[in-house]
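Comments concern the structure below.
So you know, we letter chains A, B, ... as the sequences are listed, proteins then strands, and number each from 1. Hydrogens, waters and symmetry mates play no part in the numbers below; they use all other heavy atoms, side chains included. Computed from a prediction, not measured in an experiment: that's the story for all the values here.
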Number of protein chains: 2
Amino acid sequence: MIDVRRLEALVALHRTGTVSAAAEQLHYGQPTISHHLRRLEAETGSVLLQRVGRGLRLTPDGERLAQRGEEVLALLARAEAELTASTSLQAGQIRLAAFPSAAATLVPAAVVLLRERHPGLALDLTEAEPPEAAAMLRAGTVDLALTFAYPDQAEPGGVGSVTVHEDPLYLVAPRGLDLGDGPVDLGRFADTRWVTGCERCRRELLALCDAAGFTPEIAFASDDYVAVQSLVASGLGVTVLPGLALRAHRNPDVVRRRVPGAARRIQVTTYGAPPHPAAVDAVAAVLSEVARRRAES
Amino acid sequence: MIDVRRLEALVALHRTGTVSAAAEQLHYGQPTISHHLRRLEAETGSVLLQRVGRGLRLTPDGERLAQRGEEVLALLARAEAELTASTSLQAGQIRLAAFPSAAATLVPAAVVLLRERHPGLALDLTEAEPPEAAAMLRAGTVDLALTFAYPDQAEPGGVGSVTVHEDPLYLVAPRGLDLGDGPVDLGRFADTRWVTGCERCRRELLALCDAAGFTPEIAFASDDYVAVQSLVASGLGVTVLPGLALRAHRNPDVVRRRVPGAARRIQVTTYGAPPHPAAVDAVAAVLSEVARRRAES
DNA sequence: CCCGCGCATCGACAGTATCGATGAGTTCGC
DNA sequence: GCGAACTCATCGATACTGTCGATGCGCGGG
């Protein structure tokens with residue numbers, strides 16, 4: 001493989017016309033350029049240069065190689081510039097996975113903030129529930145994920161998460177139902193029919209009801225929080241939904257009350273251990289800040 | 001500037017998936033690849049790799065850089081291949097300057113022979129009288145030239161010539177003129193009107209006539225040997241033409257006789273001193289051989 | 001004819017590419 | 001659950017070479 005430094009010397013010679021000028025342009029000494037040129041000829045087994053008077057001239061082969069070399073150097077410079085742009089957060093494409101209610105709430109806000117802070121960074125969003133998101137991180141399909149986890153839930157392997165928000169859970173009931181004031185007791189709904197969300201949410205619901213001393217009768221399950229609210233509004237039963245889902249969409253025919261002590265953790269999840277690429281850290285920071293603002297409001 | 005060897009390590013890692021396999025592919029030890037990757041990250045200030053389990057994975061930045069690196073390596077390989085092809089005479093474009101009568105005789109024969117010997121080499125012909133040809137060699141416009149010189153003529157500076165053929169000179173007269181047998185004596189035409197060729201040929205003609213004891217009356221001058229023969233055929237006068245010009249074109253209405261001891265040297269002229277690029281030497285050799293064959297026939 | 005300019009050569013030094021040996025962390029199988 | 005095997009990181013040693021300053025050589029200009 002041709003040594004690029006030698007090519008650089010040839011290109012500089014081609015540009016400047018003399019070895020000394022080439023050396024100056026590259027901030028080298030003149031013997032260094034001479035050395036590289038001689039080695040380049042020896043290593044390629046070609047005649048690239050010709051002494052003429054007190055100067056040098058490129059042979060046709062040398063001329064063509066210098067042109068090729070210019071392309072190579074340009075491509076290298078371009079690659080370096082791209083990398084620098086990405087490292088300095090002036091450019092880049094970050095692929096983000098987020099669960100539906102975050103995709104509808106946190107992500108749009110994060111996009112706005114990211115555009116403000118790092119105009120060159122672009123987000124590419126994919127909707128995915130936490131287990132899929134972890135799998136996508138492992139597979140390298142996405143660079144970053146917004147996930148959630150319920151208390152005492154183990155983290156999937158290979159990924160690292162930082163909790164950025166505690167998302168309280170709400171009991172959601174049809175509008176006609178009088179929930180009274182103060183904290184709500186799930187036990188009141190032991191004999192009511194229930195609607196529940198995705199697999200993981202259903203497990204958490206079962207745990208909550210178990211703590212309240214009963215086993216709920218599940219009438220319907222859907223991971224679509226809009227559909228779930230519609231079912232509740234139509235009087236099919238009650239449900240428990242996290243705050244973000246209710247913020248993303250609020251059916252006017254349902255009422256809600258916080259379930260004391262019940263919450264899920266909203267997490268920014270990355271693959272592997274730090275350090276992460278600067279762009280990944282930047283997007284993670286923006287997501288954290290958006291979540292924190294949401295928590296304060 | 002990014003070091004290409006480090007890029008190579010990154011590309012190999014990208015291709016193979018593990019450092020060890022990359023090392024094997026590049027015929028290096030594993031610590032060498034590790035070293036290059038670490039240095040690449042340090043020198044670019046980027047996070048390109050991530051430890052995962054007992055292996056490594058490329059970050060998005062690393063992935064992009066690996067792709068760019070692949071392009072760079074491909075371009076380098078291509079440049080090297082082109083150069084090798086040229087050096088081994090499998091490809092190449094040689095620019096040749098030749099004076100008109102050689103362009104019409106020697107060059108076509110050389111093209112045929114060249115195509116036979118080195119099918120990859122291509123000739124690019126420019127017509128030029130010897131002084132122009134020397135200037136073009138000096139300017140780098142052509143790589144090789146066919147020139148001619150009369151005896152005692154000094155060689156222009158910066159170029160080197162090898163004589164490949166002695167081209168005899170002929171007295172050319174209208175068909176009706178009886179030239180008799182045996183060597184022709186220019187003195188016979190002291191009172192005839194003369195036609196002559198280019199500047200240099202005219203000087204040689206004057207020298208020949210001077211040696212024969214008279215000064216010719218020049219009725220017409222043209223560097224076009226076809227036109228000169230037409231003028232002679234129409235009875236305007238007589239002329240002296242070299243063998244190649246008569247071989248390139250022979251007006252049926254003229255007769256010729258050798259001028260004893262008069263000849264011009266046909267030369268292959270190159271720029272500067274050897275060594276020359278292999279392709280230049282190859283074309284020069286073919287031109288020499290064609291000229292030698294012509295001399296023998 | 002001599003001076004200046006440009007390249008080649010030489011010797012020396014520093015930087016580093018490379019390797020083998022070894023250590024640390026992870027995965028897999030028994 | 002523990003050991004074996006695998007993968008990468010680290011370390012020290014060595015040889016290579018990129019780089020420079022000094023100097024020699026050849027050519028062109030004053």
Inset, instruction - In whole angstrom, give the distance that lies between atom CG of Leu49(B) and atom P of dT7(D). - result: 17 Å
Inset, instruction - Figure out the CD/P separation between Glu24(B) and dC6(D), and round it to whole Å. - result: 13 Å
Inset, instruction - Show the numbers, then the answer: is there a salt bridge (Lys or Arg N to Asp or Glu O under 4.0 Å) between Arg68(B) and Glu63(B)? - result: CA-CA 9 Å; Arg68(B) 285 296 185 189; Glu63(B) 199 93 20; over 6 Å; no
Legend entry - Arg38(A) CZ - dA8(C) P separation (whole Å): 8 Å
Inset, instruction - Measure up the Phe99(A) and Phe148(A) rings against each other and bin them: parallel (under 30°), tilted (30 to 60°), perpendicular (over 60°). - result: perpendicular
Legend entry - Atom pair CD/CG of Gln50(A) and Leu56(A) - distance to nearest 0.5 Å: 9.5 Å
Legend entry - Check: Glu41(A) side chain, Leu49(A) main-chain N or O, donor-acceptor pair, under 3.5 Å: yes
Legend entry - Exam field: side chain Asp167(A) to backbone Pro242(A), donor-acceptor pair closer than 3.5 Å: no
Inset, instruction - In whole angstrom, give the distance that lies between atom CD of Gln50(A) and atom P of dA8(C). - result: 13 Å
Inset, instruction - Considering only NZ, NE, NH1 and NH2 on the basic side and carboxylate oxygens on the acidic side, decide whether Arg15(B) and Glu70(B) come within less than 4.0 Å. - result: yes
Inset, instruction - Would you give a per-nucleotide map of nucleotides 12-24 of chain D, 5' to 3', where B means the base has a protein non-hydrogen atom under 4.0 Å away, S means only the sugar-phosphate does, and - means neither? - result: ------SBSBB--
Inset, instruction - Using whole Å, report how far CZ of Arg138(A) lies from P of dT26(C). - result: 16 Å
Inset, instruction - Step by step, work out the side-chain contact (heavy atoms from CB on, under 4.5 Å) result for Ile94(B) and Val280(B). - result: CA-CA 7 Å; Ile94(B) 295 299; Val280(B) 170; 4.0 Å; yes
Inset, instruction - Could you tell me whether a side-chain N or O of Thr59(A) sits under 3.5 Å from a main-chain N or O of Leu48(A), the two making a donor and an acceptor? - result: yes
Legend entry - Phosphate-side-chain proximity, Ser20(A) and dC7(C), N/O vs OP1/OP2 below 4.0 Å: yes
Inset, instruction - Find the distance Leu37(B):CG to dT7(D):P and express it as a whole number of Å. - result: 16 Å
Legend entry - Annotated protein contacts, base or backbone, on nucleotides 25-30 of chain D with a non-hydrogen cut-off under 4.0 Å, one of B, S, - each: -BBS--
Inset, instruction - Give the rounded distance in Å between these two atoms: CD1 of Ile33(B) and P of dC8(D). - result: 11 Å
Legend entry - Residues Glu204(B) and Arg264(B) bridged, charged N to O under 4.0 Å: no
Legend entry - Options dG6(C), dT9(C), dT10(D), nucleotide nearest the side-chain atoms of Ser34(A): dT9(C)
